[in-house]
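A quick write-up on the structure given underneath.
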There are 2 protein chains.
Amino acid sequence: MITKFTFNSQYILSELPLPDREFLENIMVDKKYRKNQPIFTEGTLPSGIFYLQSGKVKKYKMDNDGREQIIYIYNAGEFFGYSSVLSESTYGDTTVSIENSIISFITINDFNKILENSSSFSRLLLKSLSHEFSVLANLMAVLSQRTVRERVALNLLILHDKYKVDNVDITYIMLSRSDLANMTGTVIETLARVLHDFKDDSLISTDGRKIELLNIERLIQIANFY
Amino acid sequence: MITKFTFNSQYILSELPLPDREFLENIMVDKKYRKNQPIFTEGTLPSGIFYLQSGKVKKYKMDNDGREQIIYIYNAGEFFGYSSVLSESTYGDTTVSIENSIISFITINDFNKILENSSSFSRLLLKSLSHEFSVLANLMAVLSQRTVRERVALNLLILHDKYKVDNVDITYIMLSRSDLANMTGTVIETLARVLHDFKDDSLISTDGRKIELLNIERLIQIANFY
DNA sequence: TCTAAAATTTGATTTAAATCAAATTTTACC
DNA sequence: GGTAAAATTTGATTTAAATCAAATTTTAGA
């Protein structure tokens, strides 16, 4: 179920033949980003693509009134910012780090070089973009047809998956209420009320801003996805 | 503005080198579809991809309660159903013809053959998928943040573009109110009210089910895209 | 550690849009 | 052309969620 809503494009690197992978890793230039730093902004032209080594990045659109709609949150191991390069257009949205991150940059030239020389990379990108396309279609239908309560439950599950750490028992979702509301498609106050209800029902617990899911099965039911 | 909301992937064929194009056209198998016929349904596995020679096809998701969210309406000259092939997954949605259509089918084998042999085709698909991805991101933000009135205006403009015929003066949008509501993300009654308001303000006129836009500039303003 | 600012929560009210119901028009098929 | 069914429109009511306002908690930086 959760794969319907996450790109999880880490397989691009892991399934790439070793010489191609080494080429990629050699041309990447790492840069550290502090929390809340923009990586690229809507309307600007791309000069390369990005790979998230560690940390988290949100992709969002800002409307005329300054409201954010978070489209997606990238996790370590995911490429981003490549579709504007491929469609030869300006960025359609803005990306900002939501925690300290290390992000690698690959110039357009190098990107095109590997595209021309590696049919595996092309094929993996086609696969990944196709999956990403279907994730957005799923999110579209959710935004249109599901209640806020259902959407909050779903987004908590998505975030649980994104914040999960291997070999660590407890998962804490560490995201501002503002960002959580903006990815759910609601306002902060409504989000807080739903979270309050979930706490009352022992579905989640909070410690400051951190959220821990206590009853995943029940949240899946509420999200109405099974 | 309208290109933010339409795939318009007709360039895949027109920009394909001639030998590749001829290969494609030779392997396509045409089939006629009557209005309201399904082409593929959500959850099934793909056996090939489709090309819309003439007519129109809607792509939609059905939720647990039987409500439709139309994701996109394909126009003649557009490929569809290829992202499930590329991502090696079941179809994430259903496609149905919304008028009599002629649709060509290309088997997975032939599709993979041309992918392997034509880097131009791969590159054009990457370009198209990237643009389609950005269209869905735009639609997502619209569904989340815009009023129904704004969304109706926007969808009328999108449909005006889709129903436009070269060398013909008047464009009639010929789509059921149910489908129009389902692509706008609202219910039939609300849609009818907004259309009624637009008619009162001489922004549109109707003849039976057909809708003609009378004041495109004003609708663009109402849609809040400029 | 302290504190101002930002974030979050809680309460009350309003609003956009959905739902329910009925009337009217259009369509599809014979 | 006729007609039953489906689609569309119109009216009334309800509801989910936004907005407004104030209280409380957390955060970031000195």
Side-chain angles (χ1 to χ4, degrees), chain A residues 34-37 58 63 65-70 97-100 142-156 172-200 204-211 222 224, chain B residues 34-37 58 63 65-70 97-100 142-156 172-200 204-211 222 224:
Chain A
R34 304 288 292 283
K35 183 175 173 179
N36 288 330
Q37 254 189 296
K58 70 179 175 182
D63 77 353
D65 305 323
R67 291 179 51 178
E68 278 184 24
Q69 173 59 43
I70 293 182
S97 51
I98 53 176
E99 68 190 36
N100 293 345
V142 165
L143 274 174
S144 172
Q145 300 187 332
R146 292 302 169 85
T147 64
V148 168
R149 186 159 177 268
E150 285 168 321
R151 303 207 302 272
V152 172
L154 174 63
N155 278 283
L156 287 176
Y172 286 117
I173 296 165
M174 289 177 279
L175 189 67
S176 73
R177 295 296 182 271
S178 174
D179 280 338
L180 184 45
N182 286 337
M183 78 184 277
T184 300
T186 186
V187 297
I188 294 174
E189 294 94 331
T190 306
L191 173 77
R193 290 179 222 283
V194 176
L195 292 181
H196 180 102
D197 291 344
F198 285 173
K199 268 189 280 183
D200 277 355
I204 67 173
S205 72
T206 60
D207 174 16
R209 190 180 297 173
K210 296 188 297 188
I211 300 171
I222 291 174
N224 208 356
Chain B
R34 303 289 292 281
K35 182 177 175 178
N36 289 327
Q37 256 189 297
K58 70 179 173 182
D63 78 353
D65 305 321
R67 292 178 51 178
E68 279 184 23
Q69 174 59 42
I70 293 183
S97 50
I98 52 175
E99 66 189 39
N100 294 343
V142 165
L143 275 173
S144 171
Q145 299 185 331
R146 292 302 168 86
T147 62
V148 169
R149 188 160 177 270
E150 284 168 322
R151 302 206 303 269
V152 171
L154 174 63
N155 278 282
L156 288 176
Y172 286 119
I173 294 164
M174 288 176 279
L175 190 65
S176 72
R177 295 296 182 269
S178 173
D179 280 339
L180 184 45
N182 287 337
M183 79 186 275
T184 300
T186 185
V187 297
I188 294 175
E189 294 94 329
T190 306
L191 173 77
R193 290 180 219 282
V194 175
L195 291 180
H196 181 102
D197 291 345
F198 284 172
K199 267 189 285 183
D200 276 353
I204 65 174
S205 72
T206 59
D207 176 16
R209 190 180 297 173
K210 297 187 297 187
I211 300 172
I222 290 174
N224 209 354

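Chain A is the first sequence line, chain B the second, and so forth, proteins listed ahead of strands; every chain is numbered from 1. Computed from a predicted structure; not experimentally measured.
- Side-chain proximity of B/Arg209 to the nucleotides D/dT8, D/dA17, C/dT10 is greatest for D/dT8.
- Interatomic distance, B/Asp63 CG to A/Glu150 CD, rounded to the nearest 0.5 Å: 9.0 Å.
- Between the P atom of D/dA18 and the CG atom of A/Asn182 lies a distance of 11 Å, rounded to the nearest Å.
- Results of the side chain to side chain contact (heavy atoms under 4.5 Å, CB included) test with A/Leu195 over A/Thr190, A/Asp200, A/Ile211 single out A/Ile211 as the only residue that passes.
- Contact of the A/Ile173 side chain with the A/Lys210 side chain is not registered, since no non-hydrogen atoms from C-beta on lie closer than 4.5 Å.
- Whole-Å rounding puts the A/Leu175 CG to C/dA7 C1' distance at 13 Å.
- To the nearest 0.5 Å, atoms CG (B/Leu154) and CG (B/Asn224) are separated by 10.0 Å.
- Between A/Val148 and A/Gly208, the residue anchored nearer the 5' end of DNA chain D, judged by the nucleotide with its closest heavy atom, is A/Val148.
- In this structure, the CD1 atom of B/Ile188 is 14 Å from the C1' atom of C/dT26, given to the nearest Å.
- The NZ atom of B/Lys210 sits 18 Å away from the P atom of C/dT25 (whole-angstrom rounding).
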Filtered N/O pairs between nucleotides 20-24 of chain C and protein, under 3.5 Å:
unit_1 : atom_1 : unit_2   : atom_2 : d
C/dC20 : N4     : B/Glu189 : OE2    : 3.2

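- C/dA16 atom P lies 18 Å from atom CG of B/Leu191, rounded to whole Å.
- Within the 4.0 Å cut-off from OP1 or OP2 of D/dA18, at least one side-chain nitrogen or oxygen of A/Thr190 is found.
- For C/dA22, the paired base is D/dT9 (Watson-Crick or G-U wobble, both distances below 3.5 Å).
- Residues A/Ser205 and A/Lys199 have side chains that never bring a donor and an acceptor to within less than 3.5 angstrom of each other.
- At least one donor-acceptor pair under 3.5 Å links the side chain of A/Ser176 to the backbone N or O of A/Asp179.
- Distances from the side chain of B/Val187 to the nucleotides D/dT10, C/dT19, D/dA17 place C/dT19 closest.
- A donor-acceptor contact shorter than 3.5 Å links the side chain of A/Ser97 to the backbone of A/Gln37.
- Note: CG (A/Leu195) to C1' (C/dA7) measures 14 Å, nearest angstrom.
- When distances are taken from the side chain of A/Ser178 to each of C/dT19, C/dT8, C/dT9, the shortest belongs to C/dT8.
- Here the P atom of nucleotide D/dT15 and the CZ atom of A/Arg146 are 21 Å apart, to the nearest Å.
- Candidate nucleotides D/dT9, D/dA17, C/dA17 were compared by shortest atom distance to the side chain of B/Lys199, and D/dT9 ranks first.
- Closest to the A/Thr147 side chain, of the nucleotides D/dT9, D/dA17, C/dA17, is D/dA17.
- Between B/Asp179 and A/Arg67, the residue anchored closer to the 5' end of DNA chain D is B/Asp179, taking for each the nucleotide with the nearest heavy atom.
- In this structure, B/Asp197 places its CG atom 16 Å from C1' of D/dT8, rounding to the nearest Å.
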